[in-house]
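One structure is given here, and the rest of the page talks about it.
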Amino acid sequence: MGETAKIPVEKSHRKTARGVGRSAPPWPTVAAFLLPAFMLYTIFMIWPLIQAVYFSMYEFKGLSREGFIGLGNFKELFTRYPLNEQLPRAFMHNIAFFIGTMLIQNTFGLLFALLLHGIRKGKRFFQSVYTTPYLISALIVGYLWNLMLNPLFGPINNILKAIGLEALAHPWLGDPATALPTIILVNGWQMLGFPLLLFSAGLAGISDEVREAARIDGASRWQLFTRIELPLLTPVIGVITVLTFIRDFNAFGIVWALGGVGGEPAGSTDVLGLVFYRTAFQGGIDAFGLASALAVLMFIFIFGISTLALGIFRRLEDRLT
Amino acid sequence: MRNQAVKKRKFSFADFGIYALLWGYAAVVLLPLLLVLGNTMRTTRQIFQEPAGLPTSINFDSYVRAWQEASFNIYFFNSLLITVLSVLLATAVSALAAYILGRYIFFGSKFLLSFFMAGLMMPFRLAIVPLFMMLNNIGLVDSRMGVILVYAATGVPFSIFILSAFFRQLPQELAEAARIDGAGEFRIFGQIMLPLVRPALATVAVFQFVPLWNDFFYPLILLRSTEKWTLAVGMTRFFGEFQTDWSTLFAGLVITTLPLIILFLLATKQIITGLTAGIGK
């Protein structure tokens, strides 16, 4: 993957590269260049985020904002039935979803990246094949597996029966005990290409001299992996962890397609994204205030944890390399 | 190192094992996709009788049904219109801003760059309620234009992230020469700098296309009339309505996904570059 080498993004943000530093053009010119992007981004992304904080402290009646109620909406989230039960349950599901996905996608993503790094032919082909599901919409992947796993007409159960594994034929998505693990597996199937590509780029970035030196010192393949490759992959693992965390705590389409808007069966696949959607758009008259409060909590959690994690990984990286 | 040894031999036992594993997982990825493709050419009756069977003839009836009866012609047009215009808008405004932020240091330039970069990690969907109310106030709910503006805004952080790094790499001499010839900043940008970052523009455009084509969250909430729906949100209704017509359901999945697969085949390089931006040497 020689292409990545052409984008020295990380480094160039820290250092001043050639050609930079000349005194800027007059400010009206600067403004003319910057304003379109600034306006678009501020009006449609940043401002609504700020407003959500403000809205979370008001009572809503439909679309109209009524009186200031302080933390009233936040209190409602944790006391009003059924939200008070759905919210903690969905939160736990998101955690399981994140950890399960991380285990599947990274174990196999790293394994395949290592295998692909060592082969001569077909590297690009396998990379492309493995990445294909990642590019497909989570909703479509969900619907695809919804049909595949259909207990009556789905190919999966029929294949299992045909090869004599009838005991494994099961309404995977219909049973509350297996529904969430199944969705995690499907998510892992979709996501694998993402860590694979990142690990591949990371492995390609480790210079041959380093490997050669380790070899001369008599390191085994396993030692090379645990002592050299893995520590050098720390920044990659950091990026994957944070991006997967953000994605999995925003999970929506894949669960919608496999478990419906209510996280069926019996709420066993309900996640925060669905709770948020239902609170905002299928809730009562005061839905917008409640949803804004939930948005603020989710934002603090997701943005806070990812910023924290990035900091930790950066420190780890400094210590290991 | 074993790798080295493997390279010297012609085709070892270890090689065989590695390729067996790689092909094995390739099958796990490809078989479900091929099964979907095959089932579009079988009738629903055939699918129900033998869910994992092979098609007996090449026919595209199910695609015609999805395209006409399930309004996929309308959804497809909307998806294309919304995605293409959003990508163009985001890339255009981002290129302008990235040029200034990448090439000059001035009061507040560092802050502005971090301001845009912060957007890379923010879960913006959580701002949907205020966004919905704002768009409602300016008459942009149930409008494709509303979705385009929101989508374009979501593309700004990543585009500036990539493009500013590219602009920063360009040599100063070219701009200097043009400046001596009396060219203004906009001409230097448009005629000299922009053509030089064309590969980055392609990466940015292709890489924005994928998530926008796939998104169904914003159109689900912002678009009411079905004639404005995109493919992804159209799928949600389609799945309910055509519950018993599996042949058409599979065709719908293919129609929605095919443009992305084609894009991936044409622009593998750009997509992989975008995915791995910031990693490597």
Side-chain angles (χ1 to χ4, degrees), chain A residues 3-5 7 9-10 12 17 19-21 24-25 29-30 33-34 36-37 40-41 44-45 48-49 51-52 55 115 118-119 126 128-130 133 135-137 139-140 143-144 148 153-155 158-159 197-198 201-202 204-205 215 221 236 250 252-253 280 288 291-292 295 298-299 302 306, chain B residues 1-3 18 22 26 29 32 35-36 48 51-52 93-94 96-97 99-100 103-106 119 121-127 129-131 133 149-150 152-153 156 165 168-172 185 210 214 216-217 232 235 239 253 256-257 260 264 268-269 272-273 275-281:
Chain A
E3 299 315 317
T4 45
I7 305 190
V9 186
E10 282 285 335
S12 55
V20 182
T29 314
V30 171
F33 272 95
L34 286 175
L40 196 64
Y41 175 66
F44 294 102
M45 299 276 97
L49 273 179
Q51 268 187 313
F55 283 5
L115 290 180
I119 68 169
F126 285 114
S128 304
V129 168
Y130 294 0
L135 296 176
I136 303 174
S137 150
L139 182 82
I140 301 298
Y143 280 135
L144 189 161
M148 288 287 156
F153 309 120
N158 281 278
I159 292 171
L197 285 180
L198 266 60
R215 200 178 63 87
R221 184 70 190 85
V236 180
N250 281 302
F252 188 66
F288 275 13
S292 297
M298 284 171 69
F299 185 88
I302 297 173
S306 21
Chain B
M1 197 166 89
R2 221 179 58 211
N3 273 347
I18 288 173
L22 291 173
V29 172
L35 208 59
V36 169
F48 282 3
V93 300
S94 304
L96 283 166
Y99 171 72
I100 287 289
R103 306 231 21 114
Y104 298 105
I105 291 165
F106 52 91
M121 273 177 43
M122 284 188 187
F124 284 113
R125 284 176 179 181
L126 294 172
V129 165
L131 185 67
M133 288 177 66
L149 287 170
V150 173
V156 166
R168 194 171 290 119
Q169 294 304 306
L170 300 178
Q172 185 64 32
E185 205 62 44
V210 178
N214 284 340
F216 91 114
F217 183 80
M235 281 302 292
F239 235 75
L253 292 178
T256 312
T257 311
L260 281 184
F264 188 38
T268 319
K269 208 178 82 178
I272 291 183
T273 308
L275 275 170
T276 52
I279 289 174
K281 282 172 226 179

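Every chain is numbered from 1, with letters handed out A, B, ... down the list of sequences.
Ring orientation note: the planes of B:Phe239 and A:Tyr143 are close to parallel, at an angle under 30° on the 30°/60° scale.
With a threshold of 4.5 angstrom between heavy atoms, A:Phe288 approaches chain B through its backbone and through its side chain. If you measure heavy-atom distances from B:Val150 to chain A, the contacts under 4.5 Å come from both the backbone and the side chain. Contacts of A:Ile140 with chain B are made by both backbone and side-chain atoms, with heavy-atom separations under 4.5 Å. Looking at A:Asn250, the atoms closer than 4.5 Å to chain B (heavy atoms on both sides) sit in the backbone and in the side chain alike. With a 4.5 Å cut-off on non-hydrogen atoms, A:Met45 touches chain B through its backbone and its side chain both. Only the side chain of A:Ile159 comes within less than 4.5 Å of a heavy atom in chain B; its backbone stays farther off.
The structure places CG of B:Leu260 at 7.5 Å from CD1 of A:Ile136, a figure rounded to the nearest 0.5 Å. Rounded to the nearest 0.5 angstrom, B:Leu126 CG and A:Phe299 CZ are separated by 8.0 Å. If you take CZ on A:Phe55 and CE on B:Met133, they are separated by 4.5 Å, rounding to the nearest 0.5 Å.
Taking each heavy atom of A:Pro155 and B:Ala52 in turn, the nearest pair found is CB-CB, 4.1 Å. Counting all heavy atoms, side chain and backbone alike, A:Leu135 lies closest to B:Asn214 at O-ND2, 2.6 Å. Across all non-hydrogen atoms, the minimal contact from B:Phe264 to A:Ser128 is CE2-O, 3.2 Å.
Looking at A:Leu144 and B:Pro32, their side chains come closer than 4.5 Å, going by heavy atoms from C-beta outward. Considering only heavy atoms from C-beta on, A:Gln51 stays 4.5 Å or farther from B:Leu131 through its side chain.
Note: B:Phe216 leads B:Phe216, B:Phe217, B:Phe106 in heavy-atom pairs under 4.5 Å with chain A. Of all the listed residues (A:Gly154, A:Ala280, A:Ala291), the one sharing the greatest number of non-hydrogen pairs under 4.5 Å with chain B is A:Gly154. Contact tally against chain B (heavy-atom pairs below 4.5 Å) for A:Leu139, A:Ile302, A:Leu115: the top residue is A:Leu139.
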> When you look at A:Val30 and B:Tyr104, which way does the side chain to side chain contact (heavy atoms under 4.5 Å, CB included) test go after all the steps?
Replying inline: CA-CA 9 Å; A:Val30 171; B:Tyr104 298 105; over 6 Å; no
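Taking B:Ala97 as the reference, A:Leu34, A:Ala37, B:Ile160 meet the side chain to side chain contact (heavy atoms under 4.5 Å, CB included) condition, with sequence neighbours excluded. Every residue meeting the side-chain hydrogen bond (donor to acceptor under 3.5 Å, both in side chains) condition with B:Tyr99, not counting sequence neighbours, appears here in chain and number order: B:Glu185.
Distance alone, capped at 3.5 Å, places no donor-acceptor pair between the A:Tyr130 side chain and the B:Val29 backbone. Side chain of A:Tyr41 to backbone of B:Gly119: a donor-acceptor contact under 3.5 angstrom is found.
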